[in-house]
K.L.:
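Take a look at this one; I'll ask things after.
By convention in this document, chain letters (A, B, ...) are assigned in the order of the sequence lines, proteins followed by strands, and residues within each chain are numbered from 1. Note that the structure is predicted; figures quoted are calculated from it, not measured.
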Amino acid sequence: MKRRDFLKAWMICGASTTFGITRNAWGGASFEGYPERMGVLVDLTRCVGCRSCEAACNKEQQLPAPSAPFDDLSVFDRKRRPTEKAYTVINRYETTKAGGPVYRKIQCNHCNEPGCLSSCLVNAYTKTQEGAVIYNPKVCIGCRACMVACPFNIPGYSYSSAFNPLVKKCVFCYDTRLKNGKSPACVEICPQETLTFGHLNDLIKIGHERIREMPDKYIDHIYGEKEVGGTGWIYLSGVPFDKVGFDTTLGNEPIISNVKEFLGLIPMVLAIWPALFTGFHLLSTRNNNDPSKQGDSHSYREDAKP
Amino acid sequence: MNKLKAQEVTIVDSPYKDPGKTKWSVQEKLLLGLTPQQYVAQALRNPFNWLLAIIFAIGLPIIAGRFLFGLSWVTDSSYDYPWGLFLGFGLFTLVPLSSSGFQLGTAVELFGRHDLKPIERLALLNGLLGYFFAVCYLLVDLGQPWRLPYPMLIAFGPAAVLFLVAWHVATYLSVQIAEVSVSFFEWIGFPMGKQAVRKITLGLTVAGIILSTLHQGALGALFTYAPGKVHPLWYSASFQWLHFFVSSMPAGLCMVIVVGSIVKKTMAWRCDDNFMKNVDKLSITLARGACMGLATYLTIKLIGVAHDNKWEYLASGWGLWYLFEIGVGVILPLVLISFAIRNNKIGLVRFSALLTIFGLVLNRFNTALITFNWKLGEWFIPHWREVMITVTIFAIYIMVYRFILYRLPILYTWKTADEPVHVTEPIKESATYVTG
Amino acid sequence: MHVVRNWLIRGVLVIALTIAPADSRAQNMPDSIDLDSLVQFYEKVSFDHAKHIGLSKDCSVCHHHTTGTPTEDANCIRCHKNSAATAVVACTACHSAQPFSAETIKKNKSNVKSYHKDMPGLKGAYHQSCGGCHARDGGPTGCQDCHPRKKSGDAFYHAGEYAPKTPKNGKSRGR
Ligand code: SF4
Ligand code: SF4
């Protein structure tokens with residue numbers, strides 16, 4: 001009986017470890033990113049808050065008509081975030097710095113190691129070689145974990161759709177433009193060239209160069225160069241980033257790093273638990289003093305009965 | 001029902017109507033052996049049924065509306081709070097409250113604690129139903145519930161914690177169905193099925209422990225995806241899974257204590273002597289386990305705060321709220337339970353079990369909803385329809401729970417008449433095992 | 001290739017110009033320039049060059065080191081302190097109308113030695129350059145103050161006759 005139980009235990013154990021191996025996809029150590037990936041350098045000191053990028057995005061992504069014209073500046077009276085109907089929004093921040101308010105564009109930052117991607121249980125997200133984080137609406141089950149996992153609160157969801165609700169977020173104009181080597185619609189329309197499109201590695205250099213040439217103009221930091229493992233859209237600002245709506249407490253570890261600790265435990269539990277608990281079982285039922293029951297592999301059930 | 005029993009109405013508790021002759025038909029079994037008139041009459045007499053009826057009258061149309069008009073009709077459709085009550089309560093709360101199944105399964109089947117047997121089935125059922133309804137809540141919450149099997153069949157995101165949860169809950173649900181099916185096979189009269197399941201009990205139980213450890217922990221690990229959003233006092237990168245796993249244990253045990261006492265009060269007619277005699281004693285045994293669980297939980301919670309050096313947060317408003325949760329939901333029940341066990345005060349055990357459950361619910365709500373997005377300075381206030389759906393599904397849960405307890409041999413022992421009933425045998429189950 | 005040729009031509013021209021009489025450049029200087037890179041949505045701008053010369057006097061404000069008065073920008077002086085005027089001074093000569101096209105990006109990348117990697121495109125150069133002074137000196141700053149929008153622009157911005165019909169209702173989704 002003992003031998004049988006042990007065998008059983010090892011079988012379970014073996015099966016579960018094999019099962020565990022499939023989970024090791026995350027283990028690919030730290031990901032350096034595609035060398036050719038594109039990005040956008042957003043220079044907050046240049047933005048004048050004309051909202052042209054919002055209009056361009058609306059058109060390019062065929063989003064529903066806005067509730068106010070895109071030249072209506074009263075929208076700045078409250079802080080907005082990207083939604084299912086607007087993949088990018090501009091917010092205005094009054095600061096003490098001379099030169100008027102500061103405007104900040106928000107859209108998906110196309111993280112190098114996206115939280116949304118790593119939290120998705122059906123792998124609906126892809127980080128393309130060109131640097132875009134895109135979404136496959138055909139497999140999304142609508143659990144909205146990606147919205148929880150996005151450190152920048154980017155993805156929106158079309159809650160109002162009863163039969164095909166989807167995650168909606170900036171896709172770097174991947175299908176219509178980026179894929180074909182074109183810059184995104186918002187970049188193209190921006191009159192101030194607040195948005196500089198190019199290879200991410202070059203943009204980082206350009207950003208540092210701007211800081212070096214105009215140290216009085218810029219805060220000495222490129223937001224997104226390192227934050228949460230680095231993002232594809234990076235930012236320069238003339239005022240401290242936390243004053244203009246950036247979360248400066250995120251740290252430089254990608255979201256997946258937090259989860260790795262737990263994921264690392266899984267194979268261990270799968271491998272050790274079966275043997276451990278079967279062992280416990282054998283120990284605690286060993287003192288069967290009724291030899292007549294020994295032949296029956298389920299006899300332990302009755303053993304303790306009076 | 002108690003009244004009916006007093007009137008000497010036979011209630012189904014064996015395959016045969018009168019010893020050794022006619023068998024109950026399935027319909028009669030479903031009606032508990034009452035005539036349809038009697039059945040309806042007793043149902044109408046029960047005020048609780050009227051409460052359920054009111055809840056269903058309002059809630060069921062709203063549930064239908066959710067599927068016809070979309071989530072925005074029933075929730076506030078917040079982008080910042082993608083998970084509302086359905087998951088905050090249905091998944092993050094109901095699953096830990098259902099950890100009873102694996103715990104008692106382990107104690108009885110693996111550690112040979114056969115003294116716990118009279119409530120093992122109740123604990124298993126509590127586990128099964130909790131998980132089942134967690135999936136129901138999930139179905140209401142998912143944007144595209146008809147794609148639920150996708151992570152199993154079509155698209156895999158193996159690096160995602162939710163992928164793990166999906167697989168484990170699905171597997172564990174099957175394990176639990178198998179475990180509970182023993183009672184069903186007895187009731188329906190299919191001894192072969194019962195025997196087949198019996199053969200794999202050990203495997204099922206071990207699988208249960210593995211799966212439970214992992215997915216109870218995984219529910220916590222889910223929040224490590226949002227390190228900046230959960231308040232630091234409720235968040236711990238290294239221990240989040242452990243906090244969730246450990247706190248689920250006392251909560252699951254306390255759930256059995258509470259259900260046990262509700263059942264004892266309201267369903268005495270259905271419980272056999274074995275259950276009635278043992279339930280108080282066993283509640284105290286379970287409370288002992290819960291006590292250990294709570295103490296462990298308290299320790300690792302403190303370690304969590306100390307490890308990341310989060311003491312300064314305790315001085316804030318959130319800190320007070322945190323202290324309240326720990327004080328009323330963990331320390332108080334811990335003290336009360338220890339006192340009650342020492343003095344054998346079953347009433348107090350029940351009360352503190354309730355308190356423990358409250359503590360767990362509060363903890364999950366705090367993590368998933370209340371302190372979530374603490375940096376944004378917003379509050380999660382659910383839409384009334386969202387609340388109504390949550391209540392309705394919970395009412396269905398209670399109804400199904402009761403439906404099964406009324407019928408399947410969970411609280412009583414299925415008498416098999418082929419075998420002369422050992423009247424003197426205090427634990428009648430042995431008769432079942434020999435023949436069944 | 002292309003760049004090298006440009007430099008050659010420029011070099012030749014610079015030499016030629018320095019030999020030529022000093023006011024020959026002034027004669028080529030337009031009084032008004034039509035800026036029409038945004039005609040998709042806006043009327044073209046008739047830029048009053050003469051007026052701006054009168055207002056600023058300092059050519060380098062717009063033309064850097066390429067013509068007229070020498071540059072005073074500390075960053076430019078580093079290399080261009082003694083740079084001679086260039087042959088072509090029009091904005092379009094250096095600032096690309098398609099700064100982010102695949103070709104431009106490729107060209108910039110292939111030219112490892114080029115210093116001006118961060119040169120704004122034409123539209124960016126106009127707006128950054130004009131906007132700075134206009135804001136400081138009270139010039140027009142609203143989009144339509146310089147270039148009225150066309151019908152196509154109204155459609156694009158959902159403004160004017162294309163403005164949303166329904167009144168803005170306060171209740172919007174997503175707290
Ligand atoms: S990149 Fe495209 S989708 Fe993203 S904000 Fe810009 S226009 Fe919109
Ligand atoms: S910003 Fe958010 S949505 Fe965009 S890639 Fe990063 S995690 Fe994903």
K.L.:
Just by modelled atom types, is the A/Pro151 backbone N or O under 3.5 Å from a matching donor or acceptor in the B/Lys229 side chain?
P.N.:
no
K.L.:
Could you give the distance from CG (A/Leu270) to OG1 (B/Thr213), rounded to the nearest 0.5 Å?
P.N.:
9.5 Å
K.L.:
Report yes if some heavy atom in the side chain of A/Met147 is under 4.5 Å from a heavy atom in the side chain of B/Asp80; otherwise report no.
P.N.:
no
K.L.:
Given heavy-atom pairs under 4.5 angstrom as the criterion, report whether the side chain, backbone, both or neither of A/Cys143 touches chain B.
P.N.:
both
K.L.:
Could you measure the distance from the CG atom of B/Leu376 to the CG atom of A/Asn153? Nearest 0.5 Å is fine.
P.N.:
5.5 Å
K.L.:
Against chain A, label B/Phe223 side chain, backbone, both or neither, depending on which of its atoms sit under 4.5 Å from a heavy atom there.
P.N.:
neither
K.L.:
Check whether any side-chain heavy atom of A/Cys146 lies under 4.5 Å from a side-chain heavy atom of B/Tyr225, and answer yes or no.
P.N.:
no
K.L.:
Would a distance-only check, ignoring hydrogens and angles, find a side-chain to backbone donor-acceptor pair under 3.5 Å from A/Tyr159 to B/Ser78?
P.N.:
yes
K.L.:
Quick check on the interface: out of A/Val139, A/Leu117, A/Asn136, who has the most heavy-atom pairs with chain B under 4.5 Å?
P.N.:
A/Val139
K.L.:
Examine whether an atom of A/Ser118 lies under 4.5 Å from a heavy atom of chain B, and if so say whether it belongs to the side chain, the backbone or both; otherwise answer neither.
P.N.:
both
K.L.:
Chain A: which of B/Ala218, B/Gly220, B/Ala237, B/Pro145 shares the most heavy-atom pairs with it under 4.5 Å?
P.N.:
B/Ala218
K.L.:
Using non-hydrogen atoms and a 4.5 Å limit, figure out which bit of A/Asn164 sits close to chain B: side chain, backbone, both or neither.
P.N.:
both
K.L.:
Check whether more than 12 heavy atoms from other residues, nucleotides or ligands sit under 6.0 Å from atom NZ of A/Lys226, and answer yes or no.
P.N.:
no
K.L.:
Examine whether an atom of B/Pro227 lies under 4.5 Å from a heavy atom of chain A, and if so say whether it belongs to the side chain, the backbone or both; otherwise answer neither.
P.N.:
side chain
K.L.:
Against chain B, work out which of A/Pro155, A/Gly251, A/Pro165 has the most heavy-atom pairs shorter than 4.5 Å and name it.
P.N.:
A/Pro165
K.L.:
Check for a donor-acceptor pair, side chain of B/Trp241 on one end and backbone N or O of A/Glu261 on the other, with a separation under 3.5 Å.
P.N.:
no
K.L.:
Would you mind checking which part of B/Ala166 comes under 4.5 Å of any heavy atom in chain A, side chain (CB onward), backbone (N, CA, C, O), both or neither?
P.N.:
side chain
K.L.:
With a 4.5 angstrom heavy-atom cut-off, is it the side chain or the backbone of B/Leu211 that approaches chain A, or both, or neither?
P.N.:
neither
K.L.:
Can you confirm whether more than 12 heavy atoms, excluding those of A/Lys138, are under 6.0 Å from its NZ atom?
P.N.:
no
K.L.:
Below 4.5 Å, heavy-atom pairs only: which of B/Ile154, B/Asp141, B/Leu68 has the largest tally toward chain A?
P.N.:
B/Asp141
K.L.:
Is there side-chain contact between A/Phe262 and B/Leu164, with heavy atoms separated by less than 4.5 Å?
P.N.:
yes
K.L.:
Would you mind reporting whether A/Leu121 and B/Val161 have side-chain heavy atoms less than 4.5 Å apart?
P.N.:
no
K.L.:
Quick one: what part of A/Tyr125 sits under 4.5 Å from any heavy atom of chain B, side chain, backbone, both or neither?
P.N.:
neither
K.L.:
Determine the option with the most heavy-atom pairs under 4.5 angstrom with chain A, choosing from B/Ser238, B/Ala226, B/Gly228.
P.N.:
B/Ser238
K.L.:
Would you indicate whether the side-chain heavy atoms of B/Lys375 and A/Thr249 approach each other to under 4.5 Å?
P.N.:
yes
K.L.:
If we ignore hydrogens and angles and just use 3.5 Å, is the side chain of A/Asn123 paired with the main-chain N or O of B/Phe156 as donor and acceptor?
P.N.:
yes
K.L.:
If you count heavy-atom pairs under 4.5 Å between each of A/Ala124, A/Gly115, A/Pro82, A/Ala162 and chain B, which one has the most?
P.N.:
A/Ala162
K.L.:
Could you go through the side chain to side chain contact (heavy atoms under 4.5 Å, CB included) check for A/Thr278 and B/Leu110 one step at a time?
P.N.:
CA-CA 7 Å; A/Thr278 316; B/Leu110 285 188; 6.0 Å; no
K.L.:
Side chain, backbone, both or neither: which part of B/Tyr150 has a heavy atom under 4.5 Å from chain A?
P.N.:
both
K.L.:
Is B/Leu222 close to A/Val259 at the side-chain level, that is, under 4.5 Å between some pair of heavy atoms?
P.N.:
no
K.L.:
Tell me, with the steps shown, if A/Asn258 and B/Gln240 meet side chain to side chain contact (heavy atoms under 4.5 Å, CB included).
P.N.:
CA-CA 10 Å; A/Asn258 295 293; B/Gln240 194 78 2; over 6 Å; no
K.L.:
Are the side chains of B/Tyr79 and A/Thr83 in contact, using a 4.5 Å heavy-atom criterion?
P.N.:
yes
K.L.:
Could you give me the CA-CA distance, side-chain angles and deciding distance for B/Thr205 and A/Phe277, then say whether side chain to side chain contact (heavy atoms under 4.5 Å, CB included) is met?
P.N.:
CA-CA 9 Å; B/Thr205 313; A/Phe277 282 92; over 6 Å; no
K.L.:
Could you tell me if the side chain of A/Pro274 sits less than 4.5 Å from the side chain of B/Ile210, heavy atoms only?
P.N.:
yes
K.L.:
Tell me if a side-chain donor or acceptor on A/Arg144 pairs with a main-chain N or O of B/Trp83 at a distance below 3.5 Å.
P.N.:
no
K.L.:
Please classify the contact between B/Tyr235 and chain A as side chain, backbone, both or neither, with a heavy-atom cut-off of under 4.5 Å.
P.N.:
side chain
K.L.:
Taking every non-hydrogen pair under 4.5 Å, which of A/Cys120, A/Cys140, A/Ser158 racks up the most with chain B?
P.N.:
A/Cys140
